[in-house]
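Letters go in sequence order (proteins before strands), and every chain restarts at 1. Here the structure is a predicted model, which means the values were calculated and not measured.
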2 protein chains.
Amino acid sequence: MPTDDAYFMAQALAEAEKALAADEIPIGAVVVFENQIIGRGYNQTERLRDVTAHAEMLALTAAANYLGNKYLTDCTLYVTIEPCVMCAGASYWAQLKAVVFGADEPKVGFRRHGQLLHRRTQLRGGIQAAACAKLMQQFFSMKRK
Amino acid sequence: MPTDDAYFMAQALAEAEKALAADEIPIGAVVVFENQIIGRGYNQTERLRDVTAHAEMLALTAAANYLGNKYLTDCTLYVTIEPCVMCAGASYWAQLKAVVFGADEPKVGFRRHGQLLHRRTQLRGGIQAAACAKLMQQFFSMKRK
């Protein structure tokens, strides 16, 4: 049974690839409950013209719909890039069991603002960081051309 | 023409009343562009079973849909209670002209985490604070019964 962080981060990366294909900043996320993916999302802020349509937000909403419960206390959020303040705030309200991210985001990642997650939420970073960061570099180097 | 904070906060309060009637934590919000309300929202986290369904998030999404633009640089968000971290983060991405709130929220308001809004966003608080806080007290005293 797939229980490891690398496996689920690969699934989040597959979501990020969808964002890249849609010319969106390539960030993807999945929410896992009892070793099963119950929510997926990729960044769609351009298509939806909505700053709230981050990968994490869409995945959290999908997971809550699946469980019929706004609290995701037994769920883990996997996201390819360190979440922003908004997504950390949503994770706080969802009371997630864990947040697992790929690459650091020093500029707009939430960690520069201190401890924004719920005190019960574990935080792990650096999972498949190189692959997660590479997608971002690919996107921004395409944009610069 | 209605241009003052008290007028638009009264509109946000009308949204909060809808939340109270629906047995939701009574917080309401409106987004104003050129003295016109282009987005409305009230807290619906219970009905939608979704922690992201805060008044501000729904109002910001509605405003972006109206303008066809995810950036709300000439818009002001009015909200009855000091926004949380998630909603402050969404306001950051929207690059709002101003955030105007009613009553302080010392426990889960964003200000305890420092400056989370965009540096171009003005912040004003304490507009119709008593009326905004009273709705919250009314809700929580009903819940305790």
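- B:L117 and B:Y71 sit in two unconnected hydrophobic clusters of ILVMFWY residues. Membership requires side-chain heavy atoms under 4.5 Å apart, directly or through other members.
- Under a hydrophobic clustering in which Ile, Leu, Val, Met, Phe, Trp and Tyr are joined whenever their side-chain heavy atoms come within less than 4.5 Å, directly or via other members, A:L67 and A:L77 fall into the same cluster.
- At a 4.5 Å heavy-atom cutoff, the contact between A:L48 and chain B is made by backbone atoms alone.
- Closest approach of A:L116 and B:H113 over heavy atoms only: CD2-ND1, 3.3 Å.
- One hydrophobic cluster, built from ILVMFWY side chains closer than 4.5 Å, holds both B:I25 and B:L13.
- For chain B, the nearby part of A:Y92 is the side chain; its heavy atoms alone come within less than 4.5 Å.
- For the set A:G114, A:A94, A:G68, the entry with the most heavy-atom pairs within less than 4.5 Å of chain B is A:G68.
- Cluster membership for B:Y78 and B:Y66, using ILVMFWY side-chain heavy atoms within less than 4.5 angstrom, is not shared.
- No single ILVMFWY cluster, assembled from side-chain heavy atoms under 4.5 Å apart, contains both B:I127 and B:L123.
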Inset, instruction - I would like to know whether B:V51 and A:K70 meet side chain to side chain contact (heavy atoms under 4.5 Å, CB included); could you show each step before the answer? - result: CA-CA 6 Å; B:V51 295; A:K70 65 178 182 162; 4.0 Å; yes
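- With a 4.5 angstrom heavy-atom cutoff, A:A88 does not touch chain B via any of its atoms.
- A distance of 8.5 Å separates OG1 in B:T61 from CE in A:M57, rounded to the nearest 0.5 Å.
- At a 4.5 Å heavy-atom cutoff, the contact between A:N69 and chain B is made by backbone atoms alone.
- For A:R49, the CZ atom counts as loosely surrounded, since its 6.0 Å shell holds 12 or fewer non-hydrogen atoms of other residues, nucleotides or ligands.
- Open room surrounds CZ on A:R119; 12 or fewer heavy atoms of other groups in view lie less than 6.0 Å from it.
- Only the backbone of A:Q115 has a heavy atom closer than 4.5 Å to any heavy atom of chain B.
- Each of A:T45, A:V108, A:V85, A:T52 was evaluated against B:W93; a single residue qualifies, A:V108, per the side-chain contact (heavy atoms from CB on, under 4.5 Å) test.
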